[in-house]
Q: 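Right, I'll just put the structure down here and ask away after.
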Amino acid sequence: MSNEKKFRDFLKKSFIWYAIIVIFIIILLFIGYMILNIKMFTIDKNRNYNAEIEKAVNEELHRYTDSIDALAENSIVKGVLTEDYEATEVNKLLYGFCNNQQIKSNFILLDKSKNIISTNLYKNNEALFLLSNDMKDIISKTENSSQYAHRSISSINYDNGQNSNYVFSKAIKNNNEIMGYIFLDWREDSLNLLINNNDVDITVILDKFDNVIFSTHRMLIDSIGKFKTNNISENIIEVNNKLYYITSKDLYDKDIKIMTMSSVMFQKQLFIFGCLFLFFISLFMIILVLILADKVTTRNMRSMDELLGAVSELKSGNLDYRIEYQTFHEFQTLYSEFNVMVSKVQELVKYNNELADRKRFMEVKHLESQFNPHFLYNVMETLRYEIILDPQRASQMVVAFANLMRYRLNYGSTQVALKTDIEYMKDYLMIQKMRFSNRFEYYLHIDEEILQSKVPKLLIQPIIENSIIHGMEDTEFLTLVITGRALKDNIEIIIEDDGKGIKDDELNILKNIIEEENQSSSHIGLYNVHRTIKLIYGNNYGLDIQSTYLKGTKITIKIPLIEGEAVV
């Protein structure tokens, strides 16, 4: 009972730890979700939109800068200032240019006396332009930088939707003498149309002195028109007590900065809500596990007891015991696997018993054949003549016969190197050669690469013996060719004779006999070799018998190539 209690405590602790692990995984998934959400819907969107605005504004900056230089050298513009062209011609030119740009602009053409020659400003806005101190300052800076276009903030508050943000100005000269001035003033409503996008919350365009050119949020502009904010970190700022992710890009030699801001308040609220939700869910799960641990443990212990009982039965040697108790699906699967395992153990025991019987039967039959009175009589009779005719051959025959007996009576190993079995076969074939003399000839062709492969002991001898016995019937001369070769991961040993062969109907009967599981016919030698190979190596291996009547028989032994200390 103490062991059962300890195991129950272990299950309880396991349930609690598993619950903690699940909660931990959920927390990690939630954190991963928040990181992915912020990256995809805040950071990536902000950066992508910032890149789009940067590209559009940068293109317009270059286009306006290049265009105002071209307009300052345009013959029509200069011709109006020298009264060679009518004002309508330059109006058409400037209207066409401004209306074809992505960012629309106000245009003003002044003569050298600062009188307006051409403009698209309304009358009241013309007066605001001429009276503006900012414009006077811009004109002064334009005169000082007459070799290139001047860019600066435009702070004139035009009426009727013509309010502007950023002005390009250039002095028009003839032979280094100023003839007039041209101004291209970006309109705020056009910038608003370009920048209006729901992917970000705030967009700000600044000059290099942090003067605000354009902003979608007026609270970011202080009283002198500069950008104001509270930076918390490099990428996070605070605006009106709200946090924003910011992306900032400089362009046009850092004269202009594009800033895009996306609120992170929603993500912050989502994170706080998620943390509270996870806390209460985690607490609920732990309480639930503590309540259910006893019930689940008690019920599962019944299943474990049944399994332990079955193991005890198996340990005691009762292989007929089967679990029939119905329980949870998982344990039922385990019970089914246990029953299958016991059945396989029974099959394996039966298989091993049959294999042992087959090998023992082969050894006994072979031993019987070696001590067969007829075989011994033939050997002794041959030996008697050889002693008289050729004592040296007689000595070789005695040694070969002794080797046969020694090898056959050696039970130390059931698997040997093919080389060992071949050496035994050579002694056997030499005795048969001495018996039959010129009536019998044999040839061995064994590849070197397979000589160390492991094979069942006495695997080849029954086949050779069968070939000699049946091959010598009704024939004056028999040639036996034994070939061994590697074929991929397998070995093929071919025993081929030129005896009288087997008729087709008898051959079919023979093939059927060796494929049966229980056989006691006169072909027991072939059957036992074939059955032993299948028992050891599987159904893909065994004997293949081919024969042509009056021409000979070919038997192929197929086994796997097993080298070194490998054990089947």
Side-chain angles (χ1 to χ4, degrees), residues 362 365-366 369-370 372 374-375 378-379 382 400 404 418 421-448 450-451 453 455-456 458-488 490-516 519 521-534 540-559:
M362 287 176 66
K365 293 298 290 183
H366 185 75
S369 69
Q370 301 297 343
N372 184 284
H374 183 66
F375 175 78
N378 288 332
V379 171
T382 304
L404 284 180
L418 178 61
D421 219 45
I422 291 297
E423 291 298 325
Y424 159 73
M425 283 299 99
K426 287 180 179 178
D427 290 331
Y428 179 78
L429 288 168
M430 186 181 74
I431 292 174
Q432 297 293 0
K433 171 65 175 174
M434 290 180 179
R435 282 184 57 199
F436 294 107
S437 187
N438 294 331
R439 292 185 58 205
F440 176 65
E441 191 60 72
Y442 68 91
Y443 300 95
L444 281 171
H445 305 291
I446 309 296
D447 290 350
E448 289 286 337
I450 66 171
L451 288 178
S453 177
V455 298
L458 303 172
L459 176 71
I460 309 172
Q461 190 273 339
I463 310 298
I464 295 177
E465 182 180 11
N466 185 80
S467 296
I468 294 174
I469 292 172
H470 295 284
M472 294 296 291
E473 294 179 0
D474 301 325
T475 183
E476 293 296 326
F477 182 81
L478 178 70
T479 301
L480 191 66
V481 180
I482 303 169
T483 305
R485 63 190 181 188
L487 190 64
K488 294 185 178 178
N490 298 321
I491 292 175
E492 281 191 352
I493 300 173
I494 303 169
I495 297 94
E496 189 171 7
D497 66 67
D498 58 356
K500 71 173 185 178
I502 308 172
K503 294 180 180 179
D504 290 343
D505 54 347
E506 294 177 354
L507 180 62
N508 291 331
I509 294 172
L510 177 59
K511 288 183 177 180
N512 291 332
I513 287 173
I514 68 170
E515 291 297 336
E516 293 180 6
Q519 187 54 241
S521 74
S522 60
H523 299 283
I524 194 67
L526 292 178
Y527 173 76
N528 276 313
V529 173
H530 183 69
R531 184 65 180 160
T532 299
I533 291 173
K534 285 189 173 293
N540 292 330
Y541 302 95
L543 299 184
D544 177 61
I545 304 175
Q546 299 178 20
S547 184
T548 303
Y549 186 60
L550 299 179
K551 290 187 177 181
T553 302
K554 176 182 177 182
I555 299 178
T556 302
I557 303 173
K558 181 183 177 184
I559 59 174

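The first residue in the sequence is number 1, and the count goes up from there. Fair warning: this is a prediction, and the values are worked out from it, not measured in the lab.
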Q: What residues form a side chain to side chain donor-acceptor pair (under 3.5 Å) with R439, not counting sequence neighbours?
A: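 For R439 there are no side chain to side chain donor-acceptor pair (under 3.5 Å) partners, ignoring immediate neighbours.
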Q: Do any N or O atoms from the side chain of N512 and from the backbone of N508 form a donor-acceptor pair under 3.5 angstrom?
A: yes
Q: Is it true that D544 and Q546 share a donor-acceptor pair across their side chains at a distance under 3.5 Å?
A: yes
Q: Minimum heavy-atom separation for Y541 and K558, please, with both atom names.
A: CB-O, 3.2 Å
Q: Which heavy atom in D497 sits nearest to a heavy atom in G499, and how many Å separate them?
A: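 Result for this residue pair: OD1-N, 2.9 Å.
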Q: Are the side chain of T548 and the backbone N or O of T553 linked by a donor-acceptor pair below 3.5 Å?
A: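 Here the side-chain-to-backbone pair does not exist.
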Q: Taking all non-hydrogen atoms of both residues into account, name the closest pair between L478 and M472 and its distance.
A: CB-SD, 3.3 Å
Q: If I compare all heavy atoms of L480 with all of S467, which pair ends up nearest, and what's the gap?
A: CD1-CB, 3.8 Å
Q: For S437, is there any backbone N or O sitting under 3.5 Å from a side-chain donor or acceptor partner on K433?
A: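 Checking the backbone N and O of S437 against the side chain of K433, a donor-acceptor pair under 3.5 Å is found.
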Q: Please enumerate all residues that pass side-chain contact (heavy atoms from CB on, under 4.5 Å) together with N540, with sequence neighbours excluded.
A: none
Q: Keeping the roles fixed (side chain from K554, backbone from I494), state whether a donor-acceptor pair exists under 3.5 Å.
A: no
Q: Which atom pair, heavy atoms only, marks the closest approach of L418 to V455?
A: CA-CG2, 3.9 Å
